[in-house]
Chemist: 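Structure in structure tokens, see below.
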Amino acid sequence: MHQFLRAIGFSDITKKQLNEVINNIIDKPEKIKVTKDSEGNEFAELSCDVAPNMGITVRGIYNDDDSFDIDYYYPYFTGSEKTTNEIIDIEKHSEKESYAGVCDDPNLGVTLIFYLQNVMDYLEFIFDKDGLKQKEYNIDRKGSVYRIPIKNKKVSLTALSIGGMILLPSHRKVEPVKAKKEQDEREKLIQAAKKGDETAIENLTIEDIDTYNELSQRILKEDVFSIVDSSFMPCGVECDQYQVVGEILELEEEINHYTKETVYIMVIECNNLSMTVAVNKADLLGEPAVGRRFKGQVWLQGSVAFKG
């Protein structure tokens, strides 16, 4: 079973119960989309919500006798926070018709990789009505095939977590307005450094050295989470999972109508990147509240506005 089913309220579900839920989705889907997959075959997506904006999606193909062959399923959680507008690459997973989104967000300092939710929109975006690729690749004058990056498309990031804890807010020595100004200046330096500006590279190097020296002194007398206000780091061997620390900006509770389990919905900000996180109440240590911080491992999902 998918380990992140816990995050949407299925903490004790058995294989038999899961099969019943999946069969119910196939028999009576709340949402259904059909398009051509990357090989030109008819591909279907069936979804049902178990709480507002979260549920299970089943993907596969319909046979001639209208029976449905499951390719795979996954738990989903959708949000409305538009978090990044950087250039995006979409890469297909090798074993099934699922995709990952990849972008370099200057706020993070690492390559952002997320599990693409709206695969059907992407397939419609790159294929024409006859099932032929029309936008994903191009050929340059030398005959080399290269991928066309997706530009100016907003991404809504959400995350599922199967374990985390609540931290108290850290004491901020820098005013928010000043911190925003410093962040904007750093982003400009990063963009200039990417273009080969030697002065920008030198300034960033000096800034990193100064930061390292300051942290080396403070860590001797302070706890690491009183120094690190937020963080966003890759975690484990799967490229779309991260260890995050972020401030809780919004908080809601939802109930899984199958299991009656409570799920916390938190909009968090880490490294100036906003995302909406869903975590089972039973898997969260501490009492969440706006202004406090969430620390935990998350599976990052994203929906790209291809039609926007």
Side-chain angles (χ1 to χ4, degrees), residues 1-35 37-38 41-62 68-79 88 90-102 112-124 155-163 235-242 254 256-259 261 263 265 275-280 283 296-304 306:
M1 291 189 294
H2 202 295
Q3 73 175 120
F4 284 91
L5 283 170
R6 294 184 61 90
I8 62 171
F10 291 104
S11 62
D12 296 317
I13 193 170
T14 64
K15 184 69 175 179
K16 181 180 179 180
Q17 291 170 332
L18 177 61
N19 288 335
E20 291 176 357
V21 172
I22 290 177
N23 288 333
N24 184 59
I25 293 172
I26 294 173
D27 293 338
K28 299 177 181 179
E30 293 179 358
K31 292 169 280 188
I32 180 170
K33 293 183 179 180
V34 180
T35 188
D37 64 14
S38 58
N41 302 314
E42 190 173 83
F43 192 60
E45 175 185 274
L46 315 176
S47 301
C48 274
D49 286 349
V50 298
N53 302 317
M54 70 180 74
I56 296 175
T57 290
V58 181
R59 291 185 178 136
I61 59 172
Y62 278 107
F68 187 78
D69 281 344
I70 300 174
D71 186 9
Y72 66 95
Y73 76 92
Y74 75 96
Y76 67 83
F77 171 54
T78 59
I88 304 165
I90 306 295
E91 297 286 347
K92 182 180 180 298
H93 294 140
S94 58
E95 79 279 11
K96 56 190 175 184
E97 195 68 33
S98 61
Y99 294 79
V102 184
L112 182 69
I113 302 175
F114 58 89
Y115 188 89
L116 184 67
Q117 293 175 327
N118 56 332
V119 166
M120 311 303 272
D121 292 340
Y122 174 66
L123 292 173
E124 292 175 356
V155 180
S156 176
L157 291 180
T158 58
L160 297 178
S161 176
I162 55 174
C235 179
V237 296
E238 296 191 42
C239 55
D240 51 11
Q241 294 188 26
Y242 298 87
E254 300 292 352
N256 182 317
H257 60 72
Y258 273 96
T259 63
E261 294 182 20
V263 178
I265 308 299
M275 69 181 72
T276 311
V277 179
V279 58
N280 196 311
D283 294 329
Q297 183 176 340
V298 301
W299 176 38
L300 197 62
Q301 300 182 351
S303 178
V304 181
F306 294 108

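As a basis for the values below, the full set of heavy atoms in this structure was taken, side chains included, without hydrogen atoms, waters or symmetry mates.
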Chemist: Carefully, step by step, assess Lys33 and Asp121 under the rule side chain to side chain contact (heavy atoms under 4.5 Å, CB included).
Modeler: CA-CA 9 Å; Lys33 293 183 179 180; Asp121 292 340; 3.7 Å; yes
Chemist: Quick check against the 3.5 Å criterion: does Tyr72 have a side-chain atom that pairs as donor or acceptor with the backbone of Glu97?
Modeler: yes
Chemist: Inspect the surroundings of CD in Glu42 and state if more than 12 heavy atoms from other residues, nucleotides or ligands are less than 6.0 Å away.
Modeler: no
Chemist: With sequence neighbours excluded, what pairs up with Cys239 under the side-chain contact (heavy atoms from CB on, under 4.5 Å) test?
Modeler: Ile113
Chemist: I would like to know whether Phe114 and Gln301 meet side chain to side chain contact (heavy atoms under 4.5 Å, CB included); could you show each step before the answer?
Modeler: CA-CA 5 Å; Phe114 58 89; Gln301 300 182 351; 5.9 Å; no
Chemist: Less than 4.5 Å apart, side chain to side chain, heavy atoms only: is that true for Leu18 and Phe10?
Modeler: no
Chemist: Once the angle between the rings of Tyr74 and Trp299 is folded into 0 to 90°, is it parallel (under 30°), tilted (30 to 60°) or perpendicular (over 60°)?
Modeler: perpendicular
Chemist: A side-chain contact here means heavy atoms from C-beta on lying under 4.5 Å apart; do Leu157 and Leu112 qualify?
Modeler: yes
Chemist: Report yes or no: do Ser11 and Glu261 form a side-chain donor-acceptor pair below 3.5 Å?
Modeler: yes
Chemist: Excluding sequence neighbours, so at least two apart, what forms salt bridge (Lys or Arg N to Asp or Glu O under 4.0 Å) with Glu254?
Modeler: none
Chemist: Measure the shortest side-chain to side-chain distance between Thr276 and Ile265 over non-hydrogen atoms and say whether it is less than 4.5 angstrom.
Modeler: yes
Chemist: Apply side chain to side chain contact (heavy atoms under 4.5 Å, CB included) to Val50 and Thr259, showing your working.
Modeler: CA-CA 9 Å; Val50 298; Thr259 63; over 6 Å; no
Chemist: Given 3.5 Å as the limit, does a donor-acceptor pair link the side chain of His93 with the main chain of Glu95, or not?
Modeler: no
Chemist: Among residues at least two apart in sequence or on other chains, which ones pass salt bridge (Lys or Arg N to Asp or Glu O under 4.0 Å) with Asp283?
Modeler: Arg6
Chemist: Run the side chain to side chain contact (heavy atoms under 4.5 Å, CB included) check on Tyr122 and Val304 step by step: do they pass?
Modeler: CA-CA 8 Å; Tyr122 174 66; Val304 181; over 6 Å; no
Chemist: Tell me, please, which residues at least two apart from Glu20 pass side-chain contact (heavy atoms from CB on, under 4.5 Å).
Modeler: Lys16
Chemist: Is Met1 close to Tyr73 at the side-chain level, that is, under 4.5 Å between some pair of heavy atoms?
Modeler: yes
Chemist: Going by the salt bridge (charged side-chain N to carboxylate O under 4.0 Å, His left out) test, which pairs reach into residues 22-32, not counting sequence neighbours?
Modeler: Lys31-Asp49
Chemist: Within the structure provided, determine whether Ile26 and Ile70 are in side-chain contact (heavy-atom separation under 4.5 Å).
Modeler: yes
Chemist: Would you say Ile56 and Ile8 make side-chain contact, with heavy atoms under 4.5 Å?
Modeler: yes
Chemist: Could I get the full list of side-chain contact (heavy atoms from CB on, under 4.5 Å) partners for Ile32, not counting sequence neighbours?
Modeler: Val34, Leu46, Tyr62
